[in-house]
Engineer: 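Here you go, one structure.
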Protein chains: 2
Amino acid sequence: MGESLFAARGYAGVGMREIAASVGLSKSSLFHHFPTKLVFYGEVLDRALERLERALCEETEHPGAPAEQLDHWIASIVGTLAESAPVARLLLRSMVDEDPFPPIEFEPEGRESMPFERRLEAVIDRFRRLLEHGIEEGVFRPVSVGDAIQTTIGAIVFHFASGDLGEALIGEPIFSGSAVERRRQEVSNFIRRGLLA
Amino acid sequence: MGESLFAARGYAGVGMREIAASVGLSKSSLFHHFPTKLVFYGEVLDRALERLERALCEETEHPGAPAEQLDHWIASIVGTLAESAPVARLLLRSMVDEDPFPPIEFEPEGRESMPFERRLEAVIDRFRRLLEHGIEEGVFRPVSVGDAIQTTIGAIVFHFASGDLGEALIGEPIFSGSAVERRRQEVSNFIRRGLLA
DNA sequence: GTCTATACGATGATAGAC
DNA sequence: GTCTATCATCGTATAGAC
């Protein structure tokens, strides 16, 4: 709900009217469920990130060598981003935009609503530990971990957020089965080569 | 003019009033110089991309082995993006946003106003030729060229557009001298390893 | 929960004085 | 070229009927 709209035009680019209309509701009805546009946006972001987090948990629970875990991790993210087109754009926006996150609320009830930024940090932290572990074991090069994470995020997320430009570049729809599978392989190769000692 | 504002909040997130005020003008005066907000935005994008294009031309004119050209290319882009903070965000937005480009105008006078998208295509096409040339020579792996370009763009541009998140990840300001130089090296290593046969 | 009606500031854009 | 109105429209948000 609202995902594809926010993904396409950003937070400020979509009005509550349009979002409501897109699901066959009245604007006022939307405000009955969400007190504020910012809160609503935060919930949309959170739901998208939650899917990614869940996929990551399933895939990375069973431990293994860092290089294999890395591959599982990449496959899991690529798979999740490929599942629904708006997610990558939404995620990229949330990382590039200046601020528009709802402030930490007072947890009106015992909601499990982890704020969006904390959720993102958690995902990234798990990846950081994977890299550090691999470097300690000597299987990964002693790269700058922060930079490696940035490179990985950029390489994976940007592609699925690049819309027409990306489609023009690779010569077929980004979300077609063949393009997704090739992307998984290419990214996996690239990052493994970049990291392995 | 308007670069940092658009970079921070996107096309729809900034009003002409605010832009005008930020340069000590009245909104109406802005509309005297630019017929439409979309045209103005296009001009802002174009100027940013023009700087990147110019830097790229200087750096890549003198030919050499593909691997060295690649390094020059990366250094040139990293240097340009590091020069002014808004550029990377602006560029990333232009690639992620849905549409907001001014339509091809009738070239009211003999202006050199290459439309933004064409300029971007030109830059990317030069990179594509570099990769294809390297693959033909056997110095690069036979990667999917489109995917390699996507990976490179994502790795380079996203980092300098990631603001607070990136700063938290690498533990120092993104645009500090040391962070920029390290980034250049890390990206260079990563991509060279990913591409070299 | 959903709606209509309304409030009111901000938006992009225009007209016209200087 | 710059300004001060002014315009219609859209923005978020609220009140209250059903």
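The sequence lines fix the lettering, A, B, ..., with proteins before strands; numbering per chain opens at 1.
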Engineer: Which of these nucleotides, C:dG12, D:dT2, C:dG1, is closest to any side-chain atom of B:Lys37?
Structural biologist: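 The nucleotide sitting nearest to the side chain is C:dG12.
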
Engineer: Mind calculating the distance between CG (B:Leu30) and P (C:dT14) to the nearest angstrom?
Structural biologist: 14 Å

Engineer: Please tell me if A:Arg17 has a side-chain N or O lying less than 4.0 Å from either OP1 or OP2 of D:dC10.
Structural biologist: no

Engineer: Return the value, rounded to whole Å, for the distance between atom CD of A:Glu18 and atom P of D:dG11.
Structural biologist: 7 Å

Engineer: I need the CE-P distance between A:Met16 and D:dT9, as an integer number of Å.
Structural biologist: 23 Å

Engineer: For a salt bridge (Lys or Arg N to Asp or Glu O under 4.0 Å) with A:Glu3, tell me which candidate from A:Arg89, A:Arg51, A:Arg47 qualifies.
Structural biologist: A:Arg51

Engineer: Under 3.5 Å, is there an N or O donor on one side and an acceptor on the other linking the side chain of B:Ser26 and the base of D:dT4?
Structural biologist: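 It does not, because no donor-acceptor pair links the side chain of B:Ser26 to the base of D:dT4 below 3.5 Å.
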
Engineer: In whole Å, I'd like the distance from the CZ atom of B:Phe40 to the C1' atom of C:dT11.
Structural biologist: 16 Å

Engineer: To the nearest Å, give me how far apart OH (A:Tyr11) and C1' (D:dT12) are.
Structural biologist: 9 Å

Engineer: Does the distance from a Lys or Arg side-chain N to an Asp or Glu carboxylate O, for A:Glu181 and A:Arg184, drop under 4.0 Å?
Structural biologist: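 So A:Glu181 pairs with A:Arg184 through a salt bridge.
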
Engineer: Checking B:Phe31 now: which residues fulfil side-chain contact (heavy atoms from CB on, under 4.5 Å) with it, not counting sequence neighbours?
Structural biologist: B:Met16, B:Lys27

Engineer: Just checking A:Asp164: does its CG atom have more than 12 heavy atoms from other residues, nucleotides or ligands closer to it than 6.0 angstrom?
Structural biologist: no

Engineer: Please state whether the base of C:dT4 and the side chain of A:Ser28 form at least one donor-acceptor pair under 3.5 Å?
Structural biologist: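 It does, because a donor-acceptor pair links the side chain of A:Ser28 to the base of C:dT4 below 3.5 Å.
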
Engineer: Figure out the CD1/P separation between A:Ile19 and D:dC10, and round it to whole Å.
Structural biologist: 16 Å

Engineer: Atom CZ of B:Phe31 and atom C1' of D:dA5: how far apart are they, to the nearest Å?
Structural biologist: 15 Å

Engineer: For the pair made of NE2 in B:His32 and C1' in C:dG16, what is the distance, rounded to whole Å?
Structural biologist: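 One finds 13 Å between C1' of C:dG16 and NE2 of B:His32, rounded.
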
